[in-house]
Number of protein chains: 2
Amino acid sequence: MSAVHGPRRRPTLDTVARAVGVSRATVSNAYNRPDQLSAPLRERILAVAEQLGYPGPDPVARSLATRRCAAVAFVLGTPLSTAFSDPALATALDGLASTVDGHEHSLVLVPGAGDGGPRPEAVARAQADVVVLYSLADGVPAVRAAVHRRLPLLVIDQPALPSAARVEIDDEGGAAVAAEHLLGLGHRRIAVLAVPFCPDHAEGPADAGRGATARHRVSRDRLAGYLRALGAAGLDPTAPAVWEAPSSAREAGRRGGRWLLGLDPRPTAVLCMSDELALGAVQAARDLGLSVPADVSVVGFDDTHAAAVGDPPLTTVHQPLVEKGRRAGEIALGLLAGAPPGPPVRLPTHLIVRASTAPPP
Amino acid sequence: MSAVHGPRRRPTLDTVARAVGVSRATVSNAYNRPDQLSAPLRERILAVAEQLGYPGPDPVARSLATRRCAAVAFVLGTPLSTAFSDPALATALDGLASTVDGHEHSLVLVPGAGDGGPRPEAVARAQADVVVLYSLADGVPAVRAAVHRRLPLLVIDQPALPSAARVEIDDEGGAAVAAEHLLGLGHRRIAVLAVPFCPDHAEGPADAGRGATARHRVSRDRLAGYLRALGAAGLDPTAPAVWEAPSSAREAGRRGGRWLLGLDPRPTAVLCMSDELALGAVQAARDLGLSVPADVSVVGFDDTHAAAVGDPPLTTVHQPLVEKGRRAGEIALGLLAGAPPGPPVRLPTHLIVRASTAPPP
DNA sequence: TTGTAGGCGTTATCAC
DNA sequence: GTGATAACGCCTACAA
């Protein structure tokens, strides 16, 4: 009698077909190829489906049959919320989103929190047709998991991966120019406020070894750029104090800034690996009663919107964030369409001098 | 002979099972339940899989079998990139992301561009276990498509939907308070700069009818709040000039501001339905050689970060964006776990007076 | 225009 | 600890 009152389990294509008295294929066509059947029949099918409470073709089953998800996966190396709160990341995603939009694809954000980067299971399970890895640390399990999937793959700001497309920034060059700017102003006691070197959430002073063996290409290269410039100016490349922040967030920068500016002798300038860190360092200076740039110069990295409107406006290294995302999006879409990975795209950086740097006091 | 040189098609669980000489179930267990088989056998299976180039269990097939996607879909009413560039939306998403993170779920962003809101097909095909609708216009196809799926459903800033959970803001109350603030300062010629009333990308002056029949609950309620306060103060509620912007972006606000401030007689104050619009209006005032708030007062809505640091800092209606997202995330996670929708969550707004408002000149 | 048959790659449930 | 077998729900030639 339960059969009379309608099925207890949710209806499927087959339920509808049976009720109408046609085959599954015809019901499928009613949804996906209206031109393959007569209008009246289609009407009837849809009506019965509606009345049966059939929710329409199951997207997962459809994907299984078509081998298509209509989605691009974006794997973060940081918590999910940073996609919306970290200015540099959000801006790059903005660029990527603007190219993915209008192509009938969704954007799947795969969270990256955790001590060893994103959980490899999360990467293995993401339902997408192409995967984009964003600035993951070298050798984390998630990278292996991504390669393993044999899906079209694109990495952003990471070392080359066999058969993966790549978009990246000239981090070392940009960092070197930032350091040269300070040297040119006469600074000699220069400290470094770094984004994470490894995916282990460490926070505190970092020695030279830690920086050199860093597993995040971005922080490794930026540090190398700073030190190269300092070395070229005759300074001891092991001399600068380096604070490793646990993220690129402003509060983290403030803590690091307080430590660096509390050193004796106090640095006259701080090279920061992100604008948010730099803005935090400016806060720290203020906390200590120091003025920027009169008492201490601060240089950022990224050239986010906040850097330009900061107080003082930040001298920083510009990287084309929107273009980075846009190019990544175009390449991802290309891979989706069967295009080969192509040569890596390397985007330039340049220094923007604003008001947070001046000669040392 | 092609069989000798290895299969041309990509290997599956079955390929591996056959090669090892075990059943599919055992291979599946090797991946998903290591404790269900002996370690040596598992090793052997994994080794053969590796050698065969088996990418691991297919996530889509797994989802089909388990009826789980491990993802929450977030359906936007605006282009994908606004998720990262619109401050109010990004902040709400930040809150949602922070609660979803750590729960082994991905976040699927479903783009919402298009004249009639998000494409219903995109909503129908999103692979997720729960869907969140964000501020979609009443009656757009995407809403029907979402309801149709019979998945746990949550709407944010939209009218009630049968059996859907709901989180929303007291838009009308907030708007009324904003208007009352201006009235209290002595303003009588007050204009309105509105976010879209309908999903049709219209831009230009809007008459009373358009506002009253708006299909976006948010803009409808905010307008109603403004007009209620003006009416209560004895002003003609049909009098205020209203400009409908095609989005809540700053540039759109600037265009609308220029039109409103070019009217004769010029309004002495502008009520803006978003902070970005308000910031655009401030720009417009500047374009026309007017000073804010000396010549014209501007009130925003949302209380985004940019409002606080603007020049001048914006008087605006605060809405708890992060909490809105967080609550939505908690509810979505709850629905996922089988919890009932529960009563709608209505979050309060309040006025923040800063420096963009003053008595009329 | 409609139906048939085979396939998509897993997981789950039981036996053994 | 391991293996059959049956779902899971749909798509798509191809035949009628």
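Nothing here was measured: the structure is a model prediction, and the numbers come from that model. Throughout, protein chains are lettered first and strands after them, A, B, ... in sequence-line order, and every chain is numbered starting at 1.
Between B/S23 and the phosphate of D/dG3, there is a side-chain N or O to OP1/OP2 separation shorter than 4.0 Å. Between B/S28 and the phosphate of C/dT11, there is a side-chain N or O to OP1/OP2 separation shorter than 4.0 Å. Proximity of B/T26 to the phosphate of D/dG3: a side-chain N or O atom is located under 4.0 Å from OP1 or OP2. Considering only side-chain N and O atoms, A/R62 lies nowhere under 4.0 angstrom from the phosphate OP1 or OP2 of D/dC10.
Backbone-only engagement by A/L13 is indicated by non-hydrogen atom pairs under 4.0 Å involving sugar-phosphate atoms exclusively. Within 4.0 Å of A/N32, counting heavy atoms only, lie sugar-phosphate atoms of the nucleic acid but no base atom. Within the 4.0 angstrom heavy-atom criterion, no nucleotide atom of any strand lies near B/V60. Counting non-hydrogen atoms under 4.0 angstrom, B/Y31 reaches nothing in the nucleic acid. Within the nucleic acid shown, B/R33 comes within 4.0 Å of sugar-phosphate atoms alone, with no base atom in reach, counting heavy atoms only.
As rounded to whole Å, 14 Å separates atom P of C/dG9 from atom CZ of A/R149. Across the protein-nucleic acid pair, B/N29 atom CG and D/dT2 atom C1' stand 9 Å apart, rounded to whole Å. Between the C1' atom of D/dT2 and the CZ atom of B/R42 lies a distance of 16 Å, rounded to the nearest Å. D/dG9 atom C1' lies 8 Å from atom OH of A/Y54, rounded to whole Å. Regarding B/L64, its CG atom lies at a distance of 12 Å from the C1' atom of D/dC11, rounded to whole Å. Here the P atom of nucleotide C/dG9 and the CG atom of B/D58 are 7 Å apart, to the nearest Å. Look at CG on B/D14: it is 13 Å from C1' on D/dA4, rounded to the nearest Å. Going from atom CD1 of A/I45 over to atom P of D/dC10 covers 14 Å, rounded to whole Å.
Along DNA chain D, the nucleotide nearest to B/R67 and the one nearest to B/A25 differ in position, and the one closer to the 5' end is contacted by B/A25.
Comparing D/dC10, D/dG3, D/dT2 against the side chain of B/L37 picks out D/dT2 as the nearest. When distances are taken from the side chain of A/L41 to each of D/dC10, C/dT4, C/dT2, the shortest belongs to C/dT2. Here the nucleotide nearest the side chain of B/A65, chosen from D/dC11, D/dT12, C/dG9, is C/dG9. Closest contact between the side chain of A/S38 and the listed nucleotides C/dT10, D/dC11, C/dT2 involves C/dT2. Among C/dC8, C/dG3, C/dT11, the nucleotide with an atom closest to any side-chain atom of B/P57 is C/dT11. Side-chain proximity of A/A61 to D/dG3, D/dG9, D/dC8: nearest is D/dG9.
Ring-plane geometry between B/Y54 and B/Y31 is classed as perpendicular, the angle between the planes exceeding 60 degrees on a 0 to 90 degree scale with a lower cut at 30.
Atom CZ of A/F74 is separated from atom OH of A/Y134 by 6.5 Å, given to the nearest 0.5 angstrom. Within the model, atoms CG of A/D157 and CG of A/L89 stand 10.5 Å from one another, a figure rounded to the nearest 0.5 Å. Here the straight-line distance linking atom CZ of B/R18 with atom OG of B/S23 works out to 12.0 Å at 0.5 Å rounding. Here OG of A/S38 is found 8.0 Å from CD1 of A/I45. Values are rounded to the nearest 0.5 Å.
Evaluation of atom-type donor-acceptor distances gives a pair under 3.5 Å for the side chain of A/R24 against the base of C/dG6.
Between the side chain of B/R42 and the backbone N or O of B/A30 there is at least one donor-acceptor pair closer than 3.5 Å.
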